[in-house]
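What follows is one structure encoded as structure tokens, with my remarks underneath.
Residue numbers start at 1 and run along the sequence shown.
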Amino acid sequence: MLTGRQLPDSHIFEIDYAGAVDAAEFEALRDALSAFLDANDPADILGIYSDIDLTKIEPKALWEDLKSAGLEKKVRRAALLTGSLMLKTLAKGASHFIQADVRVFGLDERDAALEWLNS
């Protein structure tokens, strides 16, 4: 499942990845995120990668994700919550190629991530 929403009264868009993901979910998220980024400056992202199964991501969903390239240019900061060492490594590596300031937190560090995004 892939969901996204603006946190109430904030400049933060929360994205929650868990389990299998299909193309329709990626498309809906991309549209919601694009509208959010157009309406918010600064814009920050809180990404939660709880129980994502990379083997259950629909191939078309990956294509929908790639079509989102460029949206990250409108992001000031991204806080990623994960317990996966692989995702932590990927996020840290990706942070060298995008303009946003990216920090990785453990799944139990939501409050710290939100504090950093609000600073």
Side-chain angles (χ1 to χ4, degrees):
M1 178 185 290
L2 176 63
T3 60
R5 68 183 180 97
Q6 181 173 358
L7 296 182
D9 301 319
S10 79
H11 61 283
I12 300 169
F13 192 84
E14 180 182 80
I15 300 170
D16 193 357
Y17 291 86
V21 178
D22 66 29
E25 290 171 323
F26 263 110
E27 187 175 355
L29 178 71
R30 183 187 63 238
D31 293 347
L33 179 58
S34 182
F36 169 81
L37 293 172
D38 287 344
N40 289 275
D41 184 18
D44 294 331
I45 302 292
L46 176 65
I48 304 166
Y49 296 86
S50 54
D51 187 25
I52 192 163
D53 185 347
L54 298 176
T55 64
K56 293 185 179 176
I57 296 177
E58 205 177 69
K60 187 177 178 189
L62 293 174
W63 174 247
E64 291 299 328
D65 190 33
L66 289 174
K67 289 173 26 181
S68 302
L71 290 179
E72 80 284 348
K73 293 177 185 171
K74 297 180 179 182
V75 175
R76 178 183 69 131
R77 289 184 176 163
L80 307 177
L81 306 180
T82 184
S84 165
L85 180 58
M86 181 185 71
L87 289 175
K88 285 180 184 179
T89 303
L90 287 173
K92 288 179 181 178
S95 69
H96 297 290
F97 300 100
I98 62 173
Q99 297 173 358
D101 189 4
V102 178
R103 290 202 187 164
V104 180
F105 297 84
L107 285 171
D108 60 345
E109 296 180 296
R110 180 184 175 89
D111 290 343
L114 287 170
E115 184 177 322
W116 176 68
L117 290 173
N118 284 307
S119 65

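With sequence neighbours excluded, the residues forming a side-chain contact (heavy atoms from CB on, under 4.5 Å) with Thr89 are Leu85, listed by chain and number. Legend: residues meeting side-chain contact (heavy atoms from CB on, under 4.5 Å) with Asp38, ordered by chain and number and at least two apart, are Ser34, Lys74. Leu29 meets the side-chain contact (heavy atoms from CB on, under 4.5 Å) test with Leu2, Phe13, Ile15; sequence neighbours excluded. With sequence neighbours left out, the side-chain contact (heavy atoms from CB on, under 4.5 Å) criterion links Ala100 to Val75, Ile98.
Residue Ser10 comes nearest to Leu7 through the heavy atom pair OG-O, 2.8 Å, listed as atom of the first residue, atom of the second, then distance.
At a threshold of 4.5 Å between non-hydrogen side-chain atoms, the residues Leu81 and Tyr49 do not count as touching. Looking only at side-chain heavy atoms (C-beta outward), Asn40 and Gln6 come within less than 4.5 Å of each other. Side-chain contact check for Ile45 versus Ile12: every heavy-atom pair is 4.5 Å or farther apart.
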Under 3.5 Å, sequence neighbours excluded: what are the donor-acceptor pairs made by side chains of residues 102-118?
unit_1 : atom_1 : unit_2 : atom_2 : d
Glu109 : OE1    : Gly106 : N      : 2.5
Arg110 : NH1    : Glu14  : OE2    : 2.6
Arg110 : NH2    : Glu14  : OE2    : 2.7
Asn118 : ND2    : Leu114 : O      : 3.0

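Among residues at least two apart or in separate chains, salt bridge (Lys or Arg N to Asp or Glu O under 4.0 Å) pairs with a member in residues 75-86 are Asp44-Arg76.
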